[in-house]
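One structure is given below, encoded as structure tokens.
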Amino acid sequence: MAFNGTAGSRSFPVSVDGSYTYTLPSGTSAMFTTQKLSSFPAPVFGSLKPKQGVPRAKFTISGAHFGDAQGLGTVRFGKLFAEVASWSDTSISAYVPSSLPAGTYKVSVNGAGGADAGGAPFDVIELGPALSRTGWTATTSDTSPYDDGPANMLDGDPGTRYSSGRGQYDGLWIQVDMQQPQTFDKILLDVGSNTGDYARSANVYVSTNGTDWTKVSSIEEGQRVELISFSTQTARYVRIVNTANVASNWWSIAELTVYS
């Protein structure tokens, strides 16, 4: 559909009975064109990466003939529709639906024309027991002046957050003191509703005394729900150091959770 003879266009789904309804913005005119589904090349599901993760984590599907724009395209986890982050003819990025219990689900795609492209299994993983954060304290290199202090990422309330108050830079850090040595192998960073304020890249360190640090993992392509896994460690302190320069986004963490 093209507005007022311009190059701009929009697509929208057609009902199963072949009808469609669209309300034009005031003062505009439009030209509608239709395309038979048979004119779309058959979509092909190629691969899924990663093949496991947690609810709200991002994943990417590679393949062919998905369509340049989403159109009638969908991504599903079993019967649940996944939120689509980006769509192209050869690649789709989407998010694992919220609150899914651990288990194996079929991720399936319908291409832009509505045709089935196939699918692949995805494991929603069980994180294991979360360590109690009672008495833990957090410090940071930078904190916003808007009541977004570091304690917010340990308070169990996803509606509050820590935020840096400035754009991300190489060397920005957060640190958690667990008050005594703990044994753990996973850290989950969740930005909550501040979906663009995740660390694009970072290094993860642990320490027994707060002075001598050992690097145990890194974030290379961050996302809004970041699961960091590493070999089992026993330490009192955790420090995460941002290594990206993203002036347009603060670093925000709604919840930082450590798992054994």
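Counting begins at 1 with the first residue of the sequence.
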Could you pull out all residues at least two apart from [X] that satisfy side-chain hydrogen bond (donor to acceptor under 3.5 Å, both in side chains)?
X: T143; result: T140
X: T160; result: D155
X: T211; result: none

Practice problem: Test V191 against W251 for side chain to side chain contact (heavy atoms under 4.5 Å, CB included), laying out the working first. | Solution: CA-CA 9 Å; V191 302; W251 190 11; 5.8 Å; no

Distance-only, no hydrogens or angles: does the [X] side chain make a donor-acceptor pair with backbone N or O of [Y] under 3.5 Å?
X: N152; Y: R161; answer: yes
X: W213; Y: T208; answer: no
X: N203; Y: V241; answer: no
X: Q223; Y: E226; answer: no

Practice problem: Name all pairs fulfilling the side chain to side chain donor-acceptor pair (under 3.5 Å) condition that reach into residues 47-59, sequence neighbours left out, sorted by first residue then second. | Solution: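 Those involving residues 47-59 are R56-D190.
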
Quiz prompt | Contact list for residues 98-110, test side chain to side chain donor-acceptor pair (under 3.5 Å), sequence neighbours left out | solution =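 Sorted result for residues 98-110: R76-S108, R76-N110, T104-D123.
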
Quiz prompt | Among T90, V75, I61, the one residue meeting side chain to side chain contact (heavy atoms under 4.5 Å, CB included) with F66 | solution =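 Output: one option passes, namely I61.
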
Can you give me the closest heavy-atom contact between [X] and [Y], atom names plus distance?
X: T243; Y: A202; answer: OG1-N, 3.3 Å
X: P158; Y: G156; answer: CD-O, 3.6 Å
X: V225; Y: P55; answer: CG1-O, 4.1 Å
X: G67; Y: D89; answer: N-OD1, 2.9 Å
X: F45; Y: V107; answer: CE1-O, 3.7 Å

Side chain to side chain, [X] and [Y], heavy atoms closer than 4.5 Å:
X: I125; Y: L227; answer: yes
X: I174; Y: I253; answer: yes
X: V96; Y: V54; answer: no
X: M178; Y: V238; answer: yes
X: L189; Y: I228; answer: yes

Residue pairs, two or more places apart or on separate chains, that pass salt bridge (Lys or Arg N to Asp or Glu O under 4.0 Å) and touch [range]:
range: residues 247-260; answer: R133-E255
range: residues 227-245; answer: D177-R236
range: residues 202-224; answer: E83-R224

Counting only pairs under 3.5 Å, give me each side-chain donor-acceptor contact of residues 165-173, with atom names and distances, residues two or more places apart or in other chains.
{"unit_1": "R166", "atom_1": "NH1", "unit_2": "D142", "atom_2": "OD2", "d": "3.4"}
{"unit_1": "Q168", "atom_1": "OE1", "unit_2": "N242", "atom_2": "ND2", "d": "3.0"}
{"unit_1": "Q168", "atom_1": "NE2", "unit_2": "Y198", "atom_2": "O", "d": "3.0"}
{"unit_1": "Q168", "atom_1": "NE2", "unit_2": "W250", "atom_2": "O", "d": "3.1"}
{"unit_1": "Y169", "atom_1": "OH", "unit_2": "D142", "atom_2": "OD1", "d": "2.5"}

Quiz item: Please walk me through it: do S62 and S91 pass side chain to side chain donor-acceptor pair (under 3.5 Å)?
Solution: CA-CA 5 Å; S62 299; S91 180; 4.9 Å; no

Quiz item: More than 12 non-hydrogen atoms from neighbouring residues, nucleotides or ligands closer than 6.0 Å to CG on N209, yes or no?
Solution: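 Result for CG/N209: enclosed.
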
Atom [atom1] in [X], atom [atom2] in [Y]: separation rounded to 0.5 Å?
X: S164; Y: D197; atom1: OG; atom2: CG; result: 7.5 Å
X: D157; Y: L154; atom1: CG; atom2: CG; result: 12.5 Å
X: S229; Y: F184; atom1: OG; atom2: CZ; result: 12.5 Å
X: Q233; Y: S207; atom1: CD; atom2: OG; result: 11.5 Å
X: S217; Y: I240; atom1: OG; atom2: CD1; result: 9.5 Å
X: W87; Y: Q70; atom1: CH2; atom2: CD; result: 5.0 Å

Decide whether [X] and [Y] are clustered together by the hydrophobic rule: side chain heavy atoms of Ile, Leu, Val, Met, Phe, Trp, Tyr closer than 4.5 Å, transitively.
X: Y259; Y: V124; result: no
X: L80; Y: L48; result: yes
X: I219; Y: V206; result: yes
X: V204; Y: V176; result: yes

Exercise. Walk me through it: do L188 and L127 pass the test side chain to side chain contact (heavy atoms under 4.5 Å, CB included)?
Key: CA-CA 9 Å; L188 188 72; L127 290 173; 4.3 Å; yes

Exercise. Walk me through it: do I187 and T257 pass the test side chain to side chain contact (heavy atoms under 4.5 Å, CB included)?
Key: CA-CA 6 Å; I187 299 170; T257 310; over 6 Å; no

Exercise. Just jot down the ring-ring contact (aromatic ring centres under 6.0 Å, His included) partners of F59, sequence neighbours excluded, or say none.
Key: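 In terms of ring-ring contact (aromatic ring centres under 6.0 Å, His included), with neighbours along the sequence ignored, F59 is linked to F77, F122.
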
Quiz item: If you look only at pairs with a residue in residues 128-168, which of them pass as a ring pair (Phe, Tyr, Trp, His ring centres under 6.0 Å), with sequence neighbours excluded?
Solution: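 Output for this query is empty, none listed.
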
Practice problem: Apply side chain to side chain contact (heavy atoms under 4.5 Å, CB included) to T137 and Q179, showing your working. | Solution: CA-CA 8 Å; T137 59; Q179 301 302 317; 3.4 Å; yes

Quiz item: Would D148 and S163 count as a side chain to side chain donor-acceptor pair (under 3.5 Å) if you check the C-alpha gap in whole Å, the side-chain angles of each, and the deciding distance to 0.1 Å?
Solution: CA-CA 5 Å; D148 293 340; S163 62; 2.8 Å; yes

Quiz item: Would S260 and T183 satisfy side chain to side chain donor-acceptor pair (under 3.5 Å), going step by step from the backbone distance to the final call?
Solution: CA-CA 6 Å; S260 60; T183 300; over 6 Å; no

Exercise. For D68, check salt bridge (charged side-chain N to carboxylate O under 4.0 Å, His left out) against everything at least two apart and list the hits.
Key: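 Salt bridge (charged side-chain N to carboxylate O under 4.0 Å, His left out) list for D68, sorted by chain: empty.
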
